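What follows is one structure encoded as structure tokens, with my remarks underneath.
Letters A, B, ... are given to chains in the order of the sequence lines, protein chains preceding strands, and every chain is numbered from 1. A quick note: this is a predicted structure, and the numbers were derived from the prediction, not measured.
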Number of protein chains: 2
Amino acid sequence: MAKRIGLKDIAEALNVSVTTVSRALNNKFDINQETRNAILQKADELNYRPNAYAVSLRKNEYFTIGVILPSIDHYFFSTVLKGIMNKAHQANYLVLIGESNHDLEREKEIIEQFMSHCVTGVIISPSDKTTYGNNLDLLKTRRIPFILVDRPTNDSNHSFVRYDDPNGAFLAVEHLIQQGYKRIGFIKGYDYCVISNARYSGYKKALAKYDIPFDESLVKSCIHIDKPNDGYELSKQMLFVKNRPDAIFCVTDNVASGVYQAAIEYGINVPTELGIVGYSNSQISKHLTPTLSTVEQPGIEMGEQAFAFLQQNIIGGVSRLERTFEARLVIRQSSILQNFK
Amino acid sequence: MAKRIGLKDIAEALNVSVTTVSRALNNKFDINQETRNAILQKADELNYRPNAYAVSLRKNEYFTIGVILPSIDHYFFSTVLKGIMNKAHQANYLVLIGESNHDLEREKEIIEQFMSHCVTGVIISPSDKTTYGNNLDLLKTRRIPFILVDRPTNDSNHSFVRYDDPNGAFLAVEHLIQQGYKRIGFIKGYDYCVISNARYSGYKKALAKYDIPFDESLVKSCIHIDKPNDGYELSKQMLFVKNRPDAIFCVTDNVASGVYQAAIEYGINVPTELGIVGYSNSQISKHLTPTLSTVEQPGIEMGEQAFAFLQQNIIGGVSRLERTFEARLVIRQSSILQNFK
DNA sequence: CGAAATTTCGGAAACGTTTACGATGAATTT
DNA sequence: AAATTCATCGTAAACGTTTCCGAAATTTCG
């Protein structure tokens, strides 16, 4: 509302030129100490802030990156964002944020908004469909570097930061096997969910390694991977048969929480009668009773790494970078059988 | 990396002036249909995007708001942010985000960055100390409108969106009383935590209404309000005495989760032997066993309301707006005694 | 003391837009 | 046929900076 004050205001107040004021404020060398001090003081007095728009326009450097996430209130993504913002702040970058809600059209809008705002790079966790999609082409034709987070595409030219999802699932299932569980079920996501499929493959690999026959009746697909309800319903189906599984690996912690509910309802003890392992090491996993064993996903570190990669791409012009975070299992109470046998 | 293409590039390619190109792209009237079409086509072909910096600078209108939150990966705040971004997107505003981490110095840096980027308004959930502080003065002297979220200051001129915290606590405690609990404890935050104190007052008010004497030994203060550990330790202290409380109201769900742990450790049944009510209706409250009764905090709605207020302040120049969201109790299993008595 | 070097500053152009204004030519009117 | 209108376009200034270049004023040097 109030008039923005600019270099001109300071200049007029002190009877010097705009150029001189600029020089003083930017610590240039060819300026007298006294005038500089006077200018600094006046600037402070008038509460001057440089207009970032004018500066960027003139210098043609826009210290801005864009971040696109499917959902901002999803715990994992919010930690990724935190990691990005940590590093971005240190490097004096402005961070623009867009929430795609897995909507391709929205994702495109965000990218175009980012391009209008001259982002020098983008970190994106694409919606599932983008994986094969063309929204990224918008960035490519503009040669705007981007880093994929958590969900790499099948294009081998892209830089990405991801988590070793198959191995995370493998470790989870192997752990269950080693604990002595015999019939291990898996509650997955829908068929085209990239993340779910990656974990599915790890599940199968672990079974194969220990010569456990794959039993399709032990695998169920849920629609909503972020809510417990599907896990609840599907595990009820799985547990209400004669030859029921004695352990269930879940595609997310939230799904696992649904399995807890079903177990309680049926009076099935966890972990003695039913082992459970989730995925994400989200907040709830520590709070469930018994505490939930799960696969860790270090969101902050992944975010920080993504920003570091982006910076390398921007500055160094490095073409392709990738990092796969090593999977790590967090063993808690829900999968410990050893002491009871 | 690639050269940005501007109006000039289109103009040169078509042998017209920059002005004409601008006119064509902005749907001005005094332009020939054919040239317009040619320009539109060329712009599309070259993948032109207007430079938002130049536009804003020239038009002197910056459709940007800033949001400052203590923590971005805190569930409640992430939902507030989601609400803000929903509305901001509809209104075509750019959203800048800063994470203060309850650090006053950082908060100031963010505000200055925002001012450099010419935000037309700010939504801020101030760190505790700012409540009495001067960071907001930076905005005031610049006449940049701002809306406080969740944590109003004691300055009666400020616009804010908050939650009726005292009443939320009151409802929680009243509910426990009505269920038949007799000795109701409270685990609060540290002494200067605004939110904690608001809830504390509601606790006391409920006791007073039902003529239950206030017993200081039933009130404990924790440091970390967002983690279960303090709740765990403090409730152990409270439960390990002869005349222990039969219900505990907690300043947050996370603290309540710590009480669960202590109860399990001591073999105390929830809710029959110990009633528990938390605060925030966070993710975990639905997943705990038994499910946790808690006070709802509608983050998305509060965020949307905050943006609506900000917009009114910006557009209409309305001076002061406030809204207190009505408290609502979510009754789950952890506080139900009625059926057992 | 004159010339050269140095210090300190201002003028002007530029970044990519938008917009007020004027210019041009064609079409219409008288 | 001259005068007027109208449609279409270009010129130039402006937004708030930075920076190149040159101009004074001052100092240093031979």
Would you say [N] has OP1 or OP2 under 4.0 Å from some side-chain N or O of [X]?
X	N	answer
A:Y62	C:dG16	no
B:N32	D:dC9	no
B:T20	D:dG10	yes
A:K59	C:dC15	no
B:T35	D:dC9	yes

- request: Measure from the side chain of B:R23, starting at C-beta and using heavy atoms only, and say which of C:dC15, C:dT18, D:dC9 lies closest.
  value: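 For B:R23, the side-chain atoms sit closest to D:dC9.
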
Length of the line joining [X]:[atom1] and [N]:[atom2], which is rounded to integer Å:
X	N	atom1	atom2	value
B:K8	C:dC15	NZ	C1'	9 Å
A:K28	D:dC20	NZ	C1'	11 Å
A:N60	C:dT17	CG	C1'	14 Å
B:E12	C:dG16	CD	P	11 Å
A:I31	D:dT19	CD1	P	14 Å
B:N15	D:dG10	CG	P	9 Å
A:N27	D:dT18	CG	C1'	15 Å
B:N26	C:dT17	CG	P	10 Å

Task: Electrostatic pair B:K42:B:D9 at N-O distance under 4.0 angstrom - done: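 Salt bridge flag = no for B:D9 with B:K42.
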
Indicate the atoms forming the closest heavy-atom contact of [X] with [Y], along with that distance.
X	Y	value
A:V119	A:I144	O-CG2, 4.1 Å
A:S56	A:Y62	CB-CD2, 3.5 Å
B:R142	A:Y48	NH2-CA, 3.8 Å
A:P70	A:S100	CA-OG, 3.3 Å

Counting the atoms with a prime plus P, OP1 and OP2 as sugar-phosphate, which does A:F29 contact under 4.0 Å by heavy atoms, base, sugar-phosphate, or nothing?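 No contact at all - A:F29 keeps every heavy atom at 4.0 Å or more from the nucleic acid.
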
Inset, instruction - Answer yes or no: side-chain N or O of B:R58 and base N or O of D:dG16 forming a donor-acceptor pair under 3.5 Å. - result: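 Such a pair does not exist between side chain and base.
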
Taking atom types as they are modelled, is there a donor-acceptor pair under 3.5 Å from the base of D:dT18 to the side chain of A:T19?
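Flag unset: no donor-acceptor pair detected.
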
**Q.** Along DNA chain D (nearest heavy atom to each residue), the more 5'-positioned of B:Q33 and A:S22
**A.**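 With B:Q33 and A:S22 compared, the 5'-side residue is B:Q33.
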
Next on the checklist: For B:Y53 and B:D30, find the nucleotide of DNA chain C closest to each by heavy atoms; which residue's nucleotide sits nearer the 5' end?
Outcome noted: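 In this pair, the answer is B:Y53.
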
